[in-house]
Amino acid sequence: MAVSITESPPVAADVPRYNFRDAEPRWQRAWAERGCFRVADVPTDGKPKYYVLEMFPYPSGKIHMGHVRNYTLGDVVARYKRARGFSVMHPMGWDAFGLPAENAARERGVHPATWTRDNIDTMRAELQRMGLSLEWEREFATCDPEYYGHQQKLFLDFLRAGLVERKESWVNWDPVDGTVLANEQVIDGRGWRSGAPVEKKQLSQWFFKITDYASDLLAALDTLDRWPERVRLMQARWIGRSEGARLTFLLETPEQCFEGSEVYTTRPDTLFGMSFLALAPEHPLSAAVAARDPKAAAFIAECRSLGTSEAAIETAEKQGYDTGLRVKHPFIENATFPVWIANFVLMEYGTGAIFGCPAHDQRDLEFARKYRLRVVPVVLPPGADPATFDVGDEAYVGPGSLFNSGFLDGMDVEAAKRAAIAELERLRVGHGEVNWRLRDWGVSRQRGWGCPIPVLHCEACGVVPVPDDQLPVTLPDDLMFDRPGNPLDYHPTWKHVACPVCGKPARRETDTCDTFVDSSWYFARFCSPQADEPVMRAAVDHWMPVDQYIGGIEHAILHLLYSRFFTRGMKQIGYLDVEEPFAGLFTQGMVTHESYRSADGQNGMWLSPEEVAKQPDGSVTHRATGEPVVVGRVEAMSKSKRNGVDPEAIIARYGADTARWFILSDNPPDRDMEWTEAGVAGAFRFTQRVFRLAEGVGSADAVGSVGRAKPAELGEAARDLRRVTHRTIAAVSEALDSFAFNVAVARLYELANAIADAERAIDAGGLAWARREAVEMLTRLIAPMMPHLAEEMYLRLRPDAAQLVAEFPWPLAEPDLLTADTVTIAVQVMGKLRGTVTALPDAPRDDVLAAAKTETNVARALEGKRIVKQIYVPNRIVNFVVAG
RNA sequence: GCCCGCCUGGCGGAACGGUAGACGCAGCGGACUUAAAAUCCGCAGCCAGUUGGCGUGGGGGUUCGAGUCCCCCGGCGGGCACCA
C-alpha cells in the first residue's frame, strides 16, 4: 500500500473534508491576533492563577517527538485550566548555552550565537505549527545578555549572602570536553556528555553552597505531594542524610604535622570491633606519608590513575597500603591499630577516613580477609552463641546485642550507638554528627559559550566582584573556537580589564557558569521577562510557584534539585517568597519506535522509518530497493538507531491536531509510548470523522441552538443522547484533572460513536436538538487536545459566534443527566455472575432482591439451595450466599 | 547488592473492593464499488456445539465478592551503587 510520505492519507471523496493545511495556520493567527493566551505580569482580573510550564528546550536544531509529547501535554493542561476559569501563564523560552553550539563552532566555523539563533528560529516555527497556547511575548533565551546579565547579578547576590564560595577542591575533570564536571554529571565514572573516563584534579573553583540547605531540601520533599514518589525518593537518596559520629584517632607516635585523623562512622557501636584505620588516597595524611615513602606515593598514584574509572569499579578489588603508622583506640587502653591507605575510601564523603570493623561491614571484611587483618565480632545476632559466633564471608549487619565490647556489652545496637557517642563526648574525642552525601555544587566551567562568572582577579585586591552597575559582563562578539581550551582564556583582549577597586590591571574570570545555573531560575524570570531586576517582586509573588511542571524523568535530580536550591537562595536574598519552585511535577515517558536494519548480513545498516515500507502481508521492505528489512526492537528514538520520526513531516502530512491526538491517546502519559504509523492514521481518521459530525449538524438551526430553543418534550432517544453527552463532560473533566489523557480520549470516542448512532435514528422528540448539543459539547471537550479542529468545527456550527473556542469556559455537566432512568444490577450467586436485572435507581432492597430471584439463570442457580445471606449494594450488585 | 515501579485479549490499554477486557490499533464478515481506497454496518478473551467452564505472571490469605487489599515466589523495566 506504500502511501507516499508527503501526501495525506485518502479520505472519502463524497464527504466534506477537514482541511488542516488551511485551518491550522488560520486559527493560529486568530489566537495570536486576539491575544488569547496573554496575561499580565501582575494581573488585576481577580482570577485564580495557574502557571503551566514545560521544561524549556535546548535549541539543538529541530524539535523531536519527545518535545511534541512534552508540549502537547502542557498545552492540554494550559487550555483546560484556562477554560476552567484560571488565568493561565504558559511561557516558552530556550536553554541556549551549551556545548553543542561550541562543537558546531569548532566544526563549521560558525559563531555559536549564530548557530543557536538559527536553531531557535527553526524550532520556534515548528512549535508554532503545533498550535500550542503559548505566550510568545515572554520568550527569551538564556544566551540573551539581558538574561544572563541578571543571572550574574544573582551570582553576586549569592556571593554576598555567603551562598557562593571559591575553594580549592578535587574536581572531576573531563579530558575530552576539557572541563570540570559536577558530581551529578559524572555517571559511572564517565562524563555525562563525552562518556570519557573522568580524572581527579585539584583546582580552584566556584561553588554554590547547596549543602547549606541539605536538611531543608530533604525535609521539604515531604511537602511536595504533587510530585512523583520516585523523584522524591531519588532526591532523598541523593541528599543522603546519615546519623553517626565523628571522632579523632590519635597516632601512637604523633607526626610533625599530624596528630591523627578524624573519622566519620554510622556504627560507633562497633568501635570495639576495630581492626584498622583506612585513609582515602587523596587524604592529607596519605600525602604526608607519600612524601617520605615512595611506595606509598606509587600506590596513591596508581589509585588516582584508576580513580573512578570503570575498571576499578567493576572489579571492585580492595587495594591497600600499610603505612606503618598506628593509631590508639579511644576506648581501649594501650590498644593500637594499623593505618592503611585504601582505594575504597572516598575523600568526598565524611572525613575521607574510616575505622574498619570487618565483622560488621562487608567492605571492611573483604579488605581484612585480603590483608589478613583480625575480624572481631561485637554484635551478636539474636539467638546466636557468643562462644561460637563468627562471621565467614559475609559481614553481619543486622540487629543484636553487643559483646566483646567493654561498657557496651549487653546493649542492643541502637542503645550502644547512643552510649558510644556519649562516651566519645565525655572523653572529648568525638561527637554525634549528621552527615550528608550531597556535595556543594561546583559551577565553574572552562567554556566559552556560557554565562561569564562576574568576578575579576586582581593581584593586589584578590578576587573582586564586578560592580553591579557594570553588568552584564557580555561575551565577546568574536569568540573563536580554532583551538582546544577555553576561548575566553585565549581571546586577545576580553579578559584584560582594570581592577574596579585599585585601578591596576586585572584579569577577568574566564570560567563560565554550568548551564544548569541558567535553568535554575528561568521559571521565575518568565513572570516578568522585561524586568530591570532579575525578577519583579509583584510578578513572582503572583505567579510563583509553577503549578504544573512537565518534563522528562532524566532531570529528576540535577535540574530539579538545583532549582529548589536556587529558589531558596533567591528567597533568602529577598527576590521572592516561595521555597519550592514547582508545586506539581509530572514526568512523561519517552517516545519509542521500531528500529529497522537492512538485511544484508553482518553490516546491516540502520534504516529510518521513512526508508521502509510495510507490506500488506506484514513484512517490511526497503522503499528504494524492495529488499527485505529486519525489524528490530521498539526503543527510544535515537540518532544512532535512526528510528526517530520527524515531527515536521508528521505535521505536514497529518496536521498538528492528529499528531497531538495520537500522542495523547496511545497510553498513559507517564509511560513510554510507541509511535506507529497505524496509530497516527487512526487519529487522522478520527479528525475527519468528528469534523463530518459537525458538518452533519451544520449551522442551519444555529439560531435555535442549545440553551435557547430546547424543545419542551424530549423523546427517549434524545434523553439517552443527552445523558451520554453530559456523562462525557463529567468523565473528560475528571480524566483531564488526573492526567489520564488517554481515558479522556476514549470517552470522546464514545461520545462521537453515540452521536453517529443518533444520526441514524429517526429524528423525533428533539433528537436533532440533542444531537446539536452533543456535537457542540464534543467540540468544546476536544478543544484542549485538538484546538484547531475544535475551532473549525465550531465555525460550522455557529458561523456567527463572537468568541473562539479557545475563549470559551469549560462546559458543565447537568447533574440530573448523570443518573440514569434505569440501572442494571448484576446478580451473583456465591460471587459468580448469574444474570442481571433492570431496576429504577435506588429501588427498594426487597423489590430488587425479589426480581433478582426470579431472573431465569439466577433461579436455576438457586434451585434446591438455601439462601443464607443476601448482599445488596444499591444500583450495583446483588449477591446470594447459599448453602446445601 | 540496595531501592522503586510494572506484569490484564494479537497489541496499546479501561475498570470508587461490586457485570474484567471500555476505547483505540490490528483482524474477520458484510454493504457500497467494474475493482481498490475511503466510508458505513456487524463480529471478536480462551475452551466447549448457543443458559457451561476457565480466565488479570504463579501460589496462599482476607472478604458475601479481589485485576484492585495482605503474605510468599517468579519475570520484566528503571534508578543508585565501595556513601563508612
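Worth saying up front: this structure is predicted, and the values here are computed from it rather than measured. Both backbone and side-chain heavy atoms feed into the values below; hydrogens, waters and symmetry mates do not. Below, chains carry the letters A, B, ... as their sequence lines are ordered, and counting in each starts from 1.
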Checking all strands, does [X] fall into the base, sugar-phosphate, or nothing category for heavy-atom contacts under 4.0 angstrom?
X	result
A:R689	sugar-phosphate
A:L346	base
A:T856	nothing
A:V263	nothing

Given the [atom1] atoms of [N] and [M], what is the spacing between them in whole Å?
N	M	atom1	result
B:rC46	B:rG55	C1'	7 Å
B:rC28	B:rG45	C1'	16 Å
B:rC7	B:rG21	C1'	16 Å
B:rC54	B:rU8	C1'	15 Å
B:rA20	B:rU56	C1'	8 Å
B:rA38	B:rA31	C1'	14 Å
B:rA22	B:rA14	P	13 Å

Partners meeting ring pair (Phe, Tyr, Trp, His ring centres under 6.0 Å) with A:Y349 (sequence neighbours left out):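 By the ring pair (Phe, Tyr, Trp, His ring centres under 6.0 Å) rule, A:Y349 matches no residue at all.
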
Under the ring pair (Phe, Tyr, Trp, His ring centres under 6.0 Å) test, residues paired with A:F367 that sit two or more places apart: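 Partners of A:F367 by the ring pair (Phe, Tyr, Trp, His ring centres under 6.0 Å) criterion, ordered by chain and then number, come out as A:F276, A:W340, A:F344, A:Y371.
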
Mind running salt bridge (charged side-chain N to carboxylate O under 4.0 Å, His left out) on A:R747 and A:E750 for me, showing each step along the way? CA-CA 5 Å; A:R747 297 290 166 261; A:E750 285 174 322; 3.0 Å; yes

Only counting residues at least two apart or in another chain, list the ones meeting salt bridge (charged side-chain N to carboxylate O under 4.0 Å, His left out) with [X].
X	result
A:D269	A:R267
A:D666	none
A:E855	none

Could you label the plane-to-plane angle of the A:F662 and A:W675 rings as parallel, tilted or perpendicular, counting under 30° as parallel and over 60° as perpendicular?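 It falls in the perpendicular class, over 60°.
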
Among the candidates [options], find the nucleotide nearest to the side-chain atoms of [X].
X	options	value
A:W238	B:rA81, B:rA84, B:rA20	B:rA81
A:R437	B:rG18, B:rA84, B:rA81	B:rA81
A:N857	B:rU51, B:rG42, B:rC82	B:rU51
A:T265	B:rG78, B:rC25, B:rA84	B:rA84
A:A678	B:rG13, B:rC40, B:rA26	B:rA26
A:A826	B:rC40, B:rU19, B:rG13	B:rU19

With the sugar-phosphate defined as primed atoms, P, OP1 and OP2, and the base as all remaining atoms, what B/S/- string results for nucleotides 56-71 of chain B, 5' to 3', for protein heavy atoms under 4.0 Å? --------BS------

List the protein contact pattern of nucleotides 43-48 of chain B with one symbol per nucleotide (5' to 3'): B for base contact, S for sugar-phosphate-only contact, - for none; contact means a heavy-atom distance under 4.0 Å. ------

Under a 3.5 Å cutoff on both atom distances, Watson-Crick or G-U, what's the dot-bracket for RNA chain B ([ ] crossing, | other strand)? (((((((..(((.....[....))).(((((.......))))).(((....)))..(((((..]....))))))))))))....

Gap between atoms [atom1] and [atom2], on [X] and [N] respectively (whole Å):
X	N	atom1	atom2	result
A:M785	B:rG24	CE	P	15 Å
A:L279	B:rC82	CG	P	19 Å
A:N435	B:rA84	CG	P	8 Å
A:L233	B:rC80	CG	P	13 Å
A:F686	B:rC40	CZ	P	12 Å
A:R876	B:rA20	CZ	C1'	14 Å
A:E674	B:rG77	CD	P	16 Å

I'd like a list of close polar pairs between nucleotides 30-33 of chain B and the protein, N/O only, cut-off under 3.5 Å.
none

Relative to the 5' end of RNA chain B, which residue comes earlier, A:L833 or A:R860, by the nucleotide with the nearest heavy atom?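 Result of the comparison: A:L833.
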
Which residue pairs satisfy the salt bridge (charged side-chain N to carboxylate O under 4.0 Å, His left out) criterion with at least one member in residues 871-883 of chain A, sequence neighbours excluded?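 As it turns out, there is no salt bridge (charged side-chain N to carboxylate O under 4.0 Å, His left out) pair with a partner in residues 871-883 of chain A once direct neighbours are skipped.
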
Just grab all the salt bridge (charged side-chain N to carboxylate O under 4.0 Å, His left out) pairs involving residues 676-691 of chain A, residues at least two apart or on different chains.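 Only A:R653-A:E677 qualify under salt bridge (charged side-chain N to carboxylate O under 4.0 Å, His left out).
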
For salt bridge (charged side-chain N to carboxylate O under 4.0 Å, His left out), just list the numbers for A:R692 and A:E695, CA-CA rounded to whole Å, side-chain angles, deciding distance to a tenth of an Å, and then say yes or no. CA-CA 5 Å; A:R692 286 197 298 274; A:E695 280 280 347; over 6 Å; no

Is any side-chain heavy atom of A:V881 closer than 4.5 Å to a side-chain heavy atom of A:M830?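 Result yes, sub-4.5 Å side-chain heavy-atom pair found.
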
Taking the ring centre of each residue, are A:F739 and A:F741 less than 6.0 Å apart?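 Distance test on ring centres: under 6.0 Å, yes.
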
May I have the step-by-step check of salt bridge (charged side-chain N to carboxylate O under 4.0 Å, His left out) for A:K417 and A:E414, ending in yes or no? CA-CA 5 Å; A:K417 282 180 181 173; A:E414 290 310 312; 3.5 Å; yes

All N/O pairs under 3.5 Å across the protein-nucleotides 21-23 of chain B interface:
from   : atom 1 : to     : atom 2 : distance (Å)
B:rA22 : O2'    : A:E750 : OE2    : 2.4

